[in-house]
Amino acid sequence: MKVLKFGGKSLANGEPLEQALRIICRQSTRGKIFVVLSARADATDLLEQMLEKAAASEDYNSLLTHFREYQLQPSAGIDLEIEISDIVRLLAGVAMLGEYSLKIKDQLLAYGEIISCKMVTHLLKEKGYKARFVDARSLIKTDLKFGSAQVIWSLSEDNFKHFFRDADPEEIEVVTGFIGSAINNQTTTLGRNGSNYTATLVAGFLGAGEVQNWTNVNGLYTANPRLVESARIIRHLSFREANELANFGTQVLHAKTILPLLERKIPIRILNSFNPDDPGTLIDDQGDGQGIKAISAIEDVALVSIEGRGLLGKVGIDGRIFSALSAANISVRIIAQASSERGIGFIIDREHAVAARNCLSEEFAKELELLDISSIQVDEEVAVISVISRNLQFLDLAYGSLNRNKIKPVLMTNTINGDHISLVVKAGDLKKAANIIHGHIFGVSRRLNVFLFGKGNVGKTLLQQLARSKNRIIERRGVDINIFGICDTKKLALDTRDHGEEWLHQLKMGKTSHSRDQIFQFIRENHLENVVLVDNTASRELALHYPDFISEGCDIVASNKHANTMDMSHYHKIRELLNSEGRQFFYETNVGAGLPLIDTIKLLHASGDTIYRIRGVFSGSLSYIFNRYSKENLPFHTVLEEAMHLALTEPDPREDLSGRDVARKLLILARELDMQVEMDDIEVESLVPEQLASIVSKEDFLANSAAVNAHFQAVRDTLKQDEVLRYTGELNVDNPRLEVKLQRVAAGSVLGTLSGSDSLFEIYTEAYGSHPLVIRGAGAGSEVTARGVFSDLLRLAASLA
Ligand code: ASP
Ligand code: MG
């Protein structure tokens, strides 16, 4: 024997109801079934609304018409006149009195389930099945606590056993969920979502083999998917674990649902009638033995805080608070006391906020007057996140990242036993906080939300690299790099969903005019955590605005060099701001593309080694040009054009030839070594021939191939046998000097053996002595640069762990 329970959404008119009937019919051919039903669609809510309106002397007739028309579908042939006229009568009575009791409310709400079961019984019969309508009020006996009555188990069990003793094994029993009756036969209800409880009671009383709880979700999740997109389904858990979840706000289960199943160890499955092939969640005696981890959120709450010096060391305050609240029928969910005992805070249901303030003000009228209590405050803009896990060590980490994301929990408390922790946060922070904490428990502890500036060579390549390794990075490192937007000078596209390589297409369709504020607004509205701005542009303007991003809470990763080469005041300003805001800035690709140069220098620095000199070929583009020009007997212009063609140079090759680009890199390295230097402090030998220096446009410059060729031929002619040309940068810390110049070096020397577009850096330190640490490798090109930016993102993620 099985019990199948269907929720309201699974019984809505049209396809949902059809599907539910199909499931019932199919299962009925395999043995006796009991079907326990909720009210259909939003019937309970509607009845409740009509009741409120009637009591407030407002017009409820349009709601009533809607209710009636909906509930009479799909079969008009069914007689529900008695039920409908009873509803009309009850509402009219309430309208006349201008108020209602919980007893009347239960009577009214019960009709949702009664009508639902009568309809389904009728439809099953129409299809030729044997079916019986069972009004649970004659079987489930409760106390008189209307609205959430306690079931009297033994009595109800006897009733069930007796009633179904000679039941026809082929007949489908259609039992009303949610409702029961007290000893004097007055209708009671078991609390909202109570039909789940009815279903497990029926199973427990009659010893069912299994309960199937057909809902509109695939099962129980590690968090509410509405809040946490990456929430996962929990496939198998134990009764005890399910009970924990139910207690902490999982709506799929009524808090008492599990109890009737315990003794006979009856398994229950949460299934989705909209997706009946999904295996759903199985809850049984064993679980899978691993212990569940989940977080749940309770949103309709308010925080009450009482403060005052008079609370210090006073005995009995807590007691008075609780008696006052319980006299007003208000229960406290969570309580925490400040360690100084000067304040006490607790969480109640939001609907009781006003009542709570009133009854406490009354209770403590005297203390308020004497200023022993300075205030009783109620904050309705809060939410509770409960973390359920045996292992709460991660909480320190989660706490750290909440902090970094500027979320300060208002209260934090251990509840009931060590397996739970509850945090109270501002309602506006709920989504962000839930994602951060969920991430920490489930290993995807670091989600970076990335915005990309620029879709040039590097930007485009980075997009490809990120899209292609996304899953691998999640698996191997537990880092989810999620791109939420991209822009170039003309357009902007934003979406919380990562479009991978499709972002370029999104951008094409994006908004034409845009501003930073739109991006900031999007970040705030969507409560994005760990936001990183990735700058792959060459825009000075954008670099000037990094402070805005940092103040907004963003970290920055840039291949753009401007922020590090503007004057020292700007350089310091950014660093001070990074410090005070606790943000980070990574720019490994500023020098030597993807080569780990900045990182190495930082490490050496941190380890206490002193760097006194750095020398090398800093520019991959000029390395390529002179490696070839020194060896092959080609005109300079030909080599230059080839370098441009391979995208090794800056868009205007004079950026490279002028030495500006190498000088910038030298400046960045010098500043890494704490040298207080500006661009003007660097002696730069420009490679742009003097007679062409005044030409403005790049095209005009390139048109002068003869002059360029002649100029460089003259230089090449001065080379001795076994000498080659290298364009080098060099900095000395002790005897401060920064130089960029064209040098003749021996072909067999370290610099002389360079090939391709390799860069090379010799780092002279005290520890390495006269044998410098050499870093050599491809120092230009979009693949390696994009890789470098990617590595920076991973460095950033690692630092957030
Ligand atoms: N109809 C009731 C409610 O909506 C009971 C249930 O659906 O479980 O709360
Ligand atoms: Mg319901």
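A quick note: this is a predicted structure, and the numbers were derived from the prediction, not measured. Just so you know, ligand 1 is whichever comes first in the structure, and atom 1 is the first atom listed for that ligand.
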Polar contact flag, side-chain donor to acceptor under 3.5 angstrom, Thr187-Ser181:
no
Side-chain donor/acceptor of Arg350 to backbone N/O of Val301, under 3.5 Å
yes
Proximal atoms of ligand 1 relative to Ser195 (non-hydrogen, under 4.0 Å):
5 (C), 6 (C), 7 (O), 8 (O)
Could you tell me which atoms of ligand 1, counted from 1 in the order shown, lie closer than 4.0 angstrom to a heavy atom of Arg192?
3 (C), 4 (O), 9 (O)
Which ligand 1 atoms, with their elements, are less than 4.0 angstrom from a heavy-atom of Asn193?
3 (C), 5 (C), 6 (C), 8 (O), 9 (O)
With only distance considered, is Lys5 within less than 3.5 Å of ligand 1 through an N or O on each side?
no
Gln71, Arg68, Lys118 screened by side-chain hydrogen bond (donor to acceptor under 3.5 Å, both in side chains) with Glu83, the one that passes
Lys118
Does any N/O atom on Asn196 come nearer than 3.5 Å to any N/O atom on ligand 1?
no
Less than 6.0 angstrom from the centroid, inside 45 degrees of the normal: does Lys32 satisfy that with respect to the ring of Phe34?
yes
OG of Ser38 to CZ of Phe6, rounded to nearest 0.5 Å, is 10.5 Å
Does ligand 1 have an atom under 4.0 Å from some heavy atom of Gly194?
yes
